[in-house]
Structures are given as structure tokens and as C-alpha cells.
Amino acid sequence: MTLPFSPYQEIADIAMRFTPDDGEFTTAIGNLFLSRRSNPSNPLHSSYRPCLALVLQGAKSLRLGNEHISYATGDYLLTSLDLPVAWRVTEASPEVPHLCLALAIDSEKLLELLSRVDIPRPGAHTDGQRGMVVNVASPELLDAAVRLLRLLDRPNDIAAMAPLIEQEILYRVLTGPAGARLINIATADSHSNRIARAVAWLKENFARPLRIEDLADRVSMSVSSFHHHFKSVTAMTPVQYQKQLRLHEARRLMLVERLDAGMAGHRVGYQSPSQFSREYSRLYGASPARDIDGAREVMAAE
């Protein structure tokens with residue numbers, strides 16, 4: 001498919017109108033989010049949920065475990081399960097800001113589409129692939145993205161048309177080069193699906209002591225198989241994954257709820273304040289007090 005127009009300028013123009021300043025913005029389309037950054041950023045830590053993120057302008061990079069992933073205009077990042085990352089905008093300016101469209105992936109809509117559309121199931125060699133990957137957006141995917149963004153200027157059409165276009169985008173992803181990752185996550189008897197269930201349990205129980213044997217048993221895997229596939233999908237061990245969840249939540253508690261480091265560390269499951277401080281400094285590059293003071297200064301300046 002060859003588009004009779006250049007989609008990026010139109011999408012960027014729409015995105016600029018619906019992102020009045022730097023930051024992340026919700027839209028009238030429930031699963032659609034837009035972000036804008038006018039300058040390259042320092043690394044920021046957060047958790048990416050299942051979504052498709054299409055870069056409209058600029059470039060971005062992220063670190064997943066010890067892996068570095070870069071993507072720029074025309075690329076989309078597919079995240080198939082919840083993953084803690086450190087990300088930063090690498091290419092942006094006030095004249096040409098970084099713009100990104102993110103479409104959250106609804107698991108129920110994914111399963112419903114797979115139940116009624118004959119999409120070939122991936123081979124066993126794709127089970128356990130990394131839960132995050134970058135691909136170049138196809139013309140068909142870009143065409144659907146343009147039509148979805150246009151609905152923001154036609155709010156009366158959103159209820160009728162947005163679900164159809166979202167389904168089309170999901171179909172394009174499922175039948176594209178990254179589709180096997182989503183299909184394996186949704187397939188009940190796959191290793192990827194079992195790891196996704198373990199991740200969901202960890203997100204709900206990250207403050208509790210972690211026994212790998214119990215978690216492997218919970219998702220019906222041997223300990224060795226669980227370790228292998230967990231790291232294949234997340235680029236982290238279960239302990240490393242839990243640690244990042246704990247530290248991200250502790251930082252939120254200190255920054256938003258203004259807890260001190262000792263109380264925040266204890267709240268997320270640390271029994272030793274010194275261990276909490278060491279691991280926090282290793283992840284964020286500064287002690288809890290110094291990092292939070294710096295973050296508050298940046299927020300005040302903005």
C-alpha cells in the first residue's frame with residue numbers, strides 16, 4: 001500500500017493542537033494518549049503497560065534491564081506486558097518537538113479479535129520472545145493512525161468510529177512482524193502467557209517476600225523454565241523485576257505523598273534502610289534525599 005499523502009505532517013499537526021504544552025495528555029478517545037517534549041530529557045523511570053507507541057516526530061530511547069532500545073519517526077514500540085523501564089527523549093527542539101501517539105492494548109479486545117479472525121498462530125520458537133520490540137510502521141498502520149487522530153476534530157464520530165479503527169490498528173499489529181509476541185501473551189498454554197500472569201502477580205504483591213519456587217508453581221512452571229522464560233520476556237530476573245517495582249513505588253511515595261526514605265522503603269518491602277538506600281542510588285544515580293530534592297526543583301522550575 002502506498003499512501004497518496006505524507007501522513008507524518010498531518011498527524012503531527014493534529015498532535016500539536018491536542019498537546020498544548022510538554023507532557024502526557026489523555027484524549028477524547030479512551031485508549032489514545034499523546035505526548036510532547038520540546039527538549040531532550042534526562043532518563044525518567046516508569047512502567048510501560050501493553051500498548052503501541054508510534055513516534056510522530058523526534059526520537060526516544062529506553063533501557064529495559066541491561067538492553068537499550070532506540071526508536072524515531074515512523075517507528076512504533078510494541079509493549080506486550082507491563083515492563084519497568086528508564087526512558088529519555090533524545091531528539092527534540094521547541095521548533096520540532098518530540099511527538100508520540102500511544103494506543104493502549106485492551107486484553108479483552110485482543111482476545112475477542114483473535115477468537116473471530118483467522119490469524120495463523122506463531123511457531124513454538126517465538127514463544128518467550130522479549131515483551132518489547134521496535135518495528136517500522138507499515139503504510140496500512142499509518143493510514144489507520146491518521147484516521148484515528150482525525151476523529152479528535154470530529155468528537156461526534158468517536159463513539160461509532162474509534163472502536164473500528166482501534167480494531168484495525170490491532171489487526172495490523174497482529175498480522176505484522178511483531179504480532180507473534182501479542183498472540184503468545186494471549187495464548188493460555190504458552191510460556192509467554194504464564195510469564196504475563198507472574199508479572200501481574202508481582203505488580204499486585206511487590207512488597208511481599210518473593211519465593212521463586214512459589215511463583216513458578218503458581219504459573220505451573222518448573223523453577224528453571226520459569227527463570228529462563230521470565231528473563232527472555234522481561235530482560236530481567238524476577239528479583240530484578242520486583243526490585244524495580246519497589247523502587248519506582250518508593251520514589252512516588254516520597255515525591256507525591258512526601259514520605260521520608262525510611263518510611264517509603266519500609267512501605268514497599270525493605271527491612272533494611274541501608275539496603276534500600278544502596279539499591280535506590282544504584283537505580284536512580286543519587287541517594288533518595290538528593291534525588292527527590294532534585295526532582296522537586298525541576299518540578300518547581302516547570
Side-chain angles (χ1 to χ4, degrees), residues 31 46-53 62 64-67 69 76-85 102-135 141 166-206 208 210-246 248:
N31 289 333
S46 62
S47 289
Y48 278 19
R49 296 185 176 181
C51 73
L52 175 148
L62 60 82
L64 174 67
N66 292 321
E67 292 185 0
I69 299 171
Y76 70 91
L77 175 78
L78 177 67
T79 305
S80 58
L81 75 167
D82 291 13
L83 292 170
V85 300
L103 185 66
I105 295 174
D106 185 303
S107 59
E108 292 185 4
K109 291 180 180 179
L110 172 62
L111 289 170
E112 192 275 334
L113 181 60
L114 287 171
S115 72
R116 60 184 176 79
V117 177
D118 186 18
I119 299 175
R121 294 304 187 257
H125 68 282
T126 65
D127 195 5
Q129 286 183 328
R130 191 75 79 232
M132 184 174 277
V133 68
V134 171
N135 281 293
L141 182 56
E166 287 180 45
Q167 179 178 267
E168 179 183 350
I169 290 173
L170 188 56
Y171 175 77
R172 298 300 180 192
V173 174
L174 286 169
T175 55
R181 298 164 198 263
L182 276 184
I183 295 171
N184 281 327
I185 288 289
T187 302
D189 60 348
S190 71
H191 290 119
S192 296
N193 179 267
R194 293 187 176 105
I195 298 306
R197 285 157 45 202
V199 162
W201 187 90
L202 282 170
K203 284 183 66 67
E204 292 294 325
N205 300 277
F206 61 81
R208 295 173 57 178
L210 174 60
R211 292 190 72 254
I212 301 300
E213 296 82 358
D214 292 344
L215 188 51
D217 184 63
R218 178 178 290 273
V219 296
S220 303
M221 298 179 74
S222 69
V223 171
S224 60
S225 179
F226 177 70
H227 259 293
H228 171 73
H229 286 94
F230 194 99
K231 191 164 187 179
S232 293
V233 172
T234 70
M236 288 168 270
T237 67
V239 171
Q240 290 170 333
Y241 187 99
Q242 181 199 46
K243 187 182 300 183
Q244 291 211 25
L245 293 180
R246 285 180 165 184
H248 286 184

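We're numbering straight along the sequence, starting at 1.
Taking a 6.0 Å sphere around CD of Glu108, one finds it holds 12 or fewer heavy atoms contributed by other residues, nucleotides or ligands. Sparse packing is recorded around CG of Asn66, with 12 or fewer heavy atoms of other residues, nucleotides or ligands lying under 6.0 Å away.
Taking all atoms of both residues into account, the shortest heavy-atom contact from Ala188 to Asn193 is O-OD1, 3.3 Å. Closest non-hydrogen pair, Gly131 versus Leu81, comes out as CA-CD2, 3.7 Å. Across Ile185 and Ser192, no two heavy atoms sit closer than the pair CD1-O, 3.5 Å. Ala104 and Cys51 get closest at one heavy-atom pair: CA-CB, 3.9 Å. In this structure, Val85 and His248 approach most closely via the heavy-atom pair O-CE1, 4.1 Å.
Of the possible polar contacts, one joining the Arg246 side chain to the Phe206 backbone as a donor-acceptor pair under 3.5 Å is found. Asp82 places no side-chain N or O within donor-acceptor distance of the main-chain N or O of Arg49, the cut-off being under 3.5 Å. Side-chain N or O atoms of Arg130 include none that pairs as donor or acceptor with a backbone N or O of Thr234 at under 3.5 Å. Between the Glu67 side chain and the Leu64 main chain, no donor and acceptor come within less than 3.5 Å of each other. With hydrogens and angles disregarded, no donor-acceptor distance shorter than 3.5 Å links the side chain of Ser80 to the backbone of Leu182. Looking at Gln242, its side chain does come within 3.5 Å of a backbone N or O of Arg208 through a donor-acceptor pair.
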Exercise for the section: Report the C-alpha distance between Leu77 and Leu62 in whole Å, list the side-chain angles of each, state the deciding distance to 0.1 Å, and finish with yes or no for side chain to side chain contact (heavy atoms under 4.5 Å, CB included). Expected result: CA-CA 10 Å; Leu77 175 78; Leu62 60 82; 3.7 Å; yes

Practice task
Start with the C-alpha gap between Ile105 and Leu78, add the side-chain angles, then the distance that decides, and say whether side chain to side chain contact (heavy atoms under 4.5 Å, CB included) holds.
Solution key: CA-CA 10 Å; Ile105 295 174; Leu78 177 67; 3.6 Å; yes

Exercise for the section: Apply the test side chain to side chain contact (heavy atoms under 4.5 Å, CB included) to residues Trp201 and Val219: give CA-CA distance (whole Å), side-chain angles for both, the deciding distance (0.1 Å), then the verdict. Expected result: CA-CA 10 Å; Trp201 187 90; Val219 296; over 6 Å; no

Exercise for the section: Walk me through it: do Leu245 and Ser47 pass the test side chain to side chain contact (heavy atoms under 4.5 Å, CB included)? Expected result: CA-CA 8 Å; Leu245 293 180; Ser47 289; 4.3 Å; yes

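Annotation: side chain of Glu112 is in contact with side chain of Gln167 (closest heavy-atom distance under 4.5 Å). Looking at Ser232 and His191, their side chains never come closer than 4.5 Å, going by heavy atoms from C-beta outward. Proximity of Leu202 to Leu210: side-chain heavy atoms (C-beta onward) are separated by under 4.5 Å at one or more points. Residues His229 and Met221 have side chains in contact (heavy-atom distance under 4.5 Å, counting atoms from C-beta outward). Within the 4.5 Å cutoff, side-chain heavy atoms of Pro238 are placed close to those of His227. Between Val117 and Leu174, every side-chain heavy-atom pair lies at or beyond the 4.5 Å cut-off.
To the nearest 0.5 Å, atoms CZ (Phe226) and CG (Asp217) are separated by 11.0 Å. Note that the CG atom of Leu170 and the CG atom of Leu114 stand 7.5 Å from one another [nearest 0.5 Å]. Between the OG atom in Ser225 and the CD1 atom in Ile195 there is a gap of 7.5 Å [rounded to 0.5 Å]. In this structure, OG1 in Thr79 is found 11.0 Å from CZ in Arg181, a value given to the nearest 0.5 Å.
Under the 30°/60° scheme for interplanar angles, the aromatic rings of Phe230 and Tyr241 are found to stand perpendicular.
A donor-acceptor contact closer than 3.5 angstrom is absent between the side chains of Asn184 and Gln129.
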